[in-house]
Number of protein chains: 2
Amino acid sequence: MIDQRLITLRVFARCGTVGATAELTGYSPSAVSAQLRELQRVLGMQLLTKDGRGVRLTATGRFLVAGSDTLIAEWESLRAAAMEAGDQVQSRFGLGGFSTAAAQLLAPLAATLRSTRPLLEVQVLEANPARCFDLLVAERIDLAVIVAMQSDTYVEDDPRFEQTVLLDDPLDVIIPADHPLASRETVTLEELASEPWITEAAGSTYHSLFTAAFTAVGVTPRIAHEAVEWETQIAFVGAGLGVGLLPRLAPLRSAENVVRVRITGKGRPARRIVAAVRRGSIASPLIQESLGILQARANRILAARPEDDL
Amino acid sequence: MIDQRLITLRVFARCGTVGATAELTGYSPSAVSAQLRELQRVLGMQLLTKDGRGVRLTATGRFLVAGSDTLIAEWESLRAAAMEAGDQVQSRFGLGGFSTAAAQLLAPLAATLRSTRPLLEVQVLEANPARCFDLLVAERIDLAVIVAMQSDTYVEDDPRFEQTVLLDDPLDVIIPADHPLASRETVTLEELASEPWITEAAGSTYHSLFTAAFTAVGVTPRIAHEAVEWETQIAFVGAGLGVGLLPRLAPLRSAENVVRVRITGKGRPARRIVAAVRRGSIASPLIQESLGILQARANRILAARPEDDL
DNA sequence: CCCATCATGCACCCTTTGTGCACGGTTATC
DNA sequence: GATAACCGTGCACAAAGGGTGCATGATGGG
């Protein structure tokens, strides 16, 4: 209900370039350029300035974007309240999530909604957490399930979003089946200090989680290999190249020649999985129902775990 | 910046029929109907119900319209603040006003703005007070100068508007030049009680002001004739048909065989002239400048009056 | 019982809006 | 210092959304 051009401006404010804005919103760069030009004409404000080979927000532009946060939240709140008051159904619902979160939480949610609300058009987008926030701003999705890193750019009280913790997902260590530690029930990080490690590339979200866990216990592990996908990492471990961290929610097929061992003791790494929505929209019946389903799913997952892991 | 369809819904909420909404917004009835249908589709809410040969807002619709007041105000406030912060100029500026108010206040304002801001497109619409409020809601105008009747539907703290008193305009009595009272400096309502009166039609804004003034002093005057335009009324008085009330701001040509006499004493009728803007927009530099010009003009008018009339 | 009024659907049209490509300008790299 | 890569923008073209005018159906008043 807020003008699309203002939404586009907000997306631009997040990513800084016309091209990226186009990619996020689904428009072409020309369209974004035209929208921003048109917005300036309608409002009679200069919002952008040339800056090198790109464009940059003017002070007025930044002011407008900053102020629009409450406007968007106000609208979301109004829409949610009207939905609630009139017991209405909305027609489109966009979900976003990250790999395992999407598989374990979003897929069941989408399936449930598909059965309880047959005429609701549910769309699921797999995207990393940062992109999920961008997609929320761009109004491509309405709810995101993401992993929140404490070391990340994650800000709990961002005026644009409201976040709900679903569960903490501990990271296990995966070990070759013929490794001496493979038969253990649990293991500590100290015991794993001398192992060759397989991690994601430096700078990725999980890599920072990895280093944070080991600095907590005061050892610096040796990184032997890097992998991008969990599957690749598992294959590396299965080939005896080293050990690696794997979130509890990530599935591990039995035929992989790899075993999963729980980590105990100090510095035990975990990722926090949260649901994020645009501020104001949390009162919407559909969002409420979805959060309920997600929470129930999260509780079922927690209930299936050994007690010392809760 | 708020979706046009929501603006249309708000106008509909004020006037109740699609046809009237079309007339006010400048669209065709079909377009209004399509917009409202589209709005319901996009929001997934049922906002309208058939009601006899017309349509009526549902509870959800009323809720949405009521809640949108703050949304609109928030946007106006944001726009005004951005204008202020960036020292920007807006391109279009719509003014609305009522007969003498338009002539005495709006015309000078428009002329001043035309010279101080040459590239500002100023548009003046003459319309009665009620319509001015509608035009503000429909965003056809940005500022209205209207007469506020205490007996009117005028509500000072309407969440949609902000109002500023410009001046109180007393009503004089106009008398045939050969009338015994014509040579007086001032006259009281009691002295005029037995005269035949010429007023506007019952139900009009000025008629209610007329009756209110006389009930205050406890007499019921005799209404001999009715006129719609000031010019007609003046002509009637000039023909010796009776006496009438004329606002101080309404011009009286000397060749009319009619004299204007000030009214003193209890129940002295006056109309209050106020400027109205959409709530939130009052901080806009252009609005501020306009209000300043209007206030200055009002002060000049007040300064030219006899002291006992202030 | 007929007519006035009101909303809506439909066909047509036009303005708006988005796309794809080429261009000019700027920065980084070798 | 030349070249390549990148970024935003303008233009021609195409698609679609949105508006108009008229006809239709429904309803209430005289």
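In what follows, chains carry the letters A, B, and so on, assigned in the order in which the sequence lines appear, proteins first and then strands, with residues in each chain numbered from 1. Computed from a predicted structure; not experimentally measured.
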Q: Check the distance between C:dT16's C1' and A:Y27's OH and give it to me in whole angstrom.
A: 13 Å
Report all side-chain donor-acceptor pairs from residues 132-140 of chain A shorter than 3.5 Å, counting only partners two or more places apart or in another chain.
unit_1	atom_1	unit_2	atom_2	d
A:D134	OD1	A:R14	NE	2.4
A:D134	OD1	A:R14	NH2	3.2
A:R140	NH1	A:L24	O	2.5

Q. If you measure only the distance, is there a donor-acceptor pair under 3.5 Å linking the side chains of B:T58 and B:Q46?
A. no
Donor-acceptor contacts under 3.5 Å from residues 74-83 of chain B side chains, at least two apart:
unit_1	atom_1	unit_2	atom_2	d
B:E74	OE2	A:T70	OG1	3.1
B:E76	OE1	B:R79	NH2	3.4
B:E76	OE2	B:R278	NE	2.7
B:E76	OE2	B:R278	NH2	3.4

Q | Contacts of type salt bridge (Lys or Arg N to Asp or Glu O under 4.0 Å), residue A:R37, not counting sequence neighbours | A | none
**Q.** Results of salt bridge (Lys or Arg N to Asp or Glu O under 4.0 Å) for A:E231 - residues two or more places apart only
**A.** A:R253
Q: For DNA chain D, note the earliest and the latest nucleotide, 5' to 3', having some atom under 4.0 Å of a heavy atom belonging to chain B.
A: D:dG19 to D:dG28
**Q.** Qualifying salt bridge (Lys or Arg N to Asp or Glu O under 4.0 Å) pairs, either residue in residues 18-32 of chain B, two or more places apart
**A.** B:E23-B:R131
Q. Can you give one letter per nucleotide of nucleotides 3-10 of chain C, going 5' to 3': B for a protein heavy atom under 4.0 Å from the base, S for sugar-phosphate only, - for none?
A. -BBSSBB-
Q: May I ask you to evaluate whether A:Q35 reaches the phosphate of C:dG18, defined as a side-chain N or O under 4.0 Å from OP1 or OP2?
A: yes
Q.
For residues 114-125 of chain B, which residue pairs pass the salt bridge (Lys or Arg N to Asp or Glu O under 4.0 Å) check, not counting sequence neighbours?
A. B:R117-B:E289
**Q.** Test side chain to side chain contact (heavy atoms under 4.5 Å, CB included) applied to B:A20 - qualifying residues, sequence neighbours left out
**A.** B:C15, B:T17
Q.
Checking B:R41 now: which residues fulfil salt bridge (Lys or Arg N to Asp or Glu O under 4.0 Å) with it, not counting sequence neighbours?
A. B:E38
Q: Could you list the residues that satisfy ring pair (Phe, Tyr, Trp, His ring centres under 6.0 Å) with B:W197, not counting sequence neighbours?
A: B:F210, B:F214
(Q) Need to verify one output field. Residue with the more 5' nearest nucleotide on DNA chain C, A:D51 or A:G26? (A) A:G26
**Q.** Any residue of residues 38-46 of chain A with a heavy atom less than 4.0 Å from an atom of DNA chain C
**A.** none
